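The structure under discussion appears below in the form of structure tokens.
In each ligand, atom 1 is the first atom listed, and ligand 1 is the first ligand listed. In this text the structure is predicted, and so the values were computed from the model without any measurement. Computed from heavy atoms alone, side chains included, the values below leave out hydrogens, waters and symmetry copies.
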Amino acid sequence: MPIIDCVAVTKRYANGQLALDAVDLAIDKGEIFALLGPNGAGKTTLIGVICGTVSMTSGAVRVAGADIQRDFRAARYRIGLVPQEIALDIFATVRGTVSFSRRLFGRPPDPAFLERLLRDLSLWEKRDSRIIELSGGMKRRVMIAKALAHEPEVLFLDEPTAGVDVNLRRDMWALVRRLREGGVTVILTTHYIEEAEEMADRVGVIDNGRILLIEDKAQLMRKLGKRRLALVLHRPLRALPASLAGWPIALEDGGRRLVYSFDASADDTGLSTLLRRLAEAGVDFADLETTASSLEDIFVDLVGGAA
Ligand SMILES: Nc1ncnc2c1ncn2[C@@H]1O[C@H](COP(=O)(O)OP(=O)(O)OP(=O)(O)O)[C@@H](O)[C@H]1O
């Protein structure tokens, strides 16, 4: 049984905006799932529906079997949510904020757990500071600690690293991995492709309220992945040989690098023709390298056309 199961989830806001259009999404326990999409794609709305803060127009969501509408408390108890905006009582202390959130869910105090959580998020030294005294990055850490305070099985991170510095981003990624080792399911939304590439087991791409694709990350990158061949030329080229006109080739680095993009899974990659024509045109190269395209290239291909 998936830990999160969305069936035909549709959301139309009061102003008529269709934010989710019959979304089916099943998330397995213990996976890290990245939901990718451009601004306004429907990511935050989908999270809101799953967490019960946005009412859906039609469809159903179950969290570990509990229906979010009929059995809200049971479903919500299993979820920790880190929203995009920081919302904290600025006069409370770090420790007070986190223990309050735990109490709200009816969990008994557990000082050892609290200490571990605050240490994991590099908040232990600040445990008695008031929120108002903290930097923006520290406040974000508190938001995460707060979401994890009741030991949820599923953690939602809505754009966790938008505008955060490199250290916090790295800490966050490390934390997410540790959580997964502990069996926690993590669902993150992002428009930073590198984040999905770095973290996710599976990737879903959403645009205009529709899921365009859900795929194992590695498979996705293999399947849709283009490759690049870069040749380092002996002598810089001003222009491509006429025999290669119209090929997906770019000259970079002042004509010293010739870069060819191709589909590695195609029957004919064009590589042998390319090399033959270069040889015929007297173009020598000193070195060559091939690289796989990133998830970003794939994403732009998918969403770029629709946007
Ligand atoms: N309360 C609301 N009332 C009306 N329309 C809304 C409301 N909230 C969101 N929308 C619209 O629904 C669509 C989906 O918005 P949503 O915030 O879910 O997208 P998102 O993918 O999270 O975007 P972002 O990456 O910018 O956070 C957008 O067109 C947005 O303008």
Protein contact to [atom] [nearest heavy atom, distance to 0.1 Å]:
atom: atom 27 (O) of ligand 1; result: Gln84 NE2, 3.2 Å
atom: atom 11 (C) of ligand 1; result: Gln17 CG, 3.6 Å
atom: atom 19 (O) of ligand 1; result: Gly42 N, 3.1 Å
atom: atom 22 (O) of ligand 1; result: Thr44 OG1, 2.6 Å
atom: atom 26 (O) of ligand 1; result: Asn39 ND2, 2.8 Å
atom: atom 5 (N) of ligand 1; result: Tyr13 CD1, 3.3 Å
atom: atom 13 (C) of ligand 1; result: Gly40 O, 3.7 Å
atom: atom 25 (O) of ligand 1; result: Lys43 NZ, 2.8 Å

Look at the side chain of Lys43 and the backbone N and O of Pro38, then say whether any donor-acceptor pair between them is shorter than 3.5 Å.
yes
Determine yes or no for a side-chain-to-main-chain donor-acceptor pair under 3.5 angstrom, with Arg62 supplying the side chain and Ala66 the backbone.
no
Student check: side-chain heavy atoms of Thr97 and Leu88 closer than 4.5 Å:
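Side chain of Thr97 against side chain of Leu88, heavy atoms only: contact under 4.5 Å found.
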Any donor-acceptor N or O pair under 3.5 Å, side chains Thr290, Arg227
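Yes.
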Any pair counted as salt bridge (Lys or Arg N to Asp or Glu O under 4.0 Å), so long as it reaches residues 143-163, sequence neighbours left out:
Arg78-Glu153, Arg102-Glu151
Numbering the atoms of ligand 1 from 1, which are under 4.0 Å from a heavy atom of Asn15?
4 (C), 5 (N)
Which atoms of ligand 1 have any heavy atom of Thr45 under 4.0 Å away?
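Within the 4.0 Å cut-off of Thr45, ligand 1 contributes 14 (C), 15 (O), 16 (P), 18 (O).
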Mind telling me whether Tyr260 and Trp247 have parallel, tilted or perpendicular rings, with 30° and 60° as the class edges?
tilted
Considering only heavy atoms, does Pro38 approach ligand 1 within less than 4.0 Å through its side chain, its backbone, both, or neither?
backbone
Between Arg170 and Glu198, is there a side-chain N and carboxylate O pair less than 4.0 Å apart?
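Result for this pair is no, no salt bridge flagged.
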Do any heavy atoms of Glu159 fall under 4.0 Å from ligand 1?
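For ligand 1, residue contact (heavy atoms, under 4.0 Å) with Glu159 is present.
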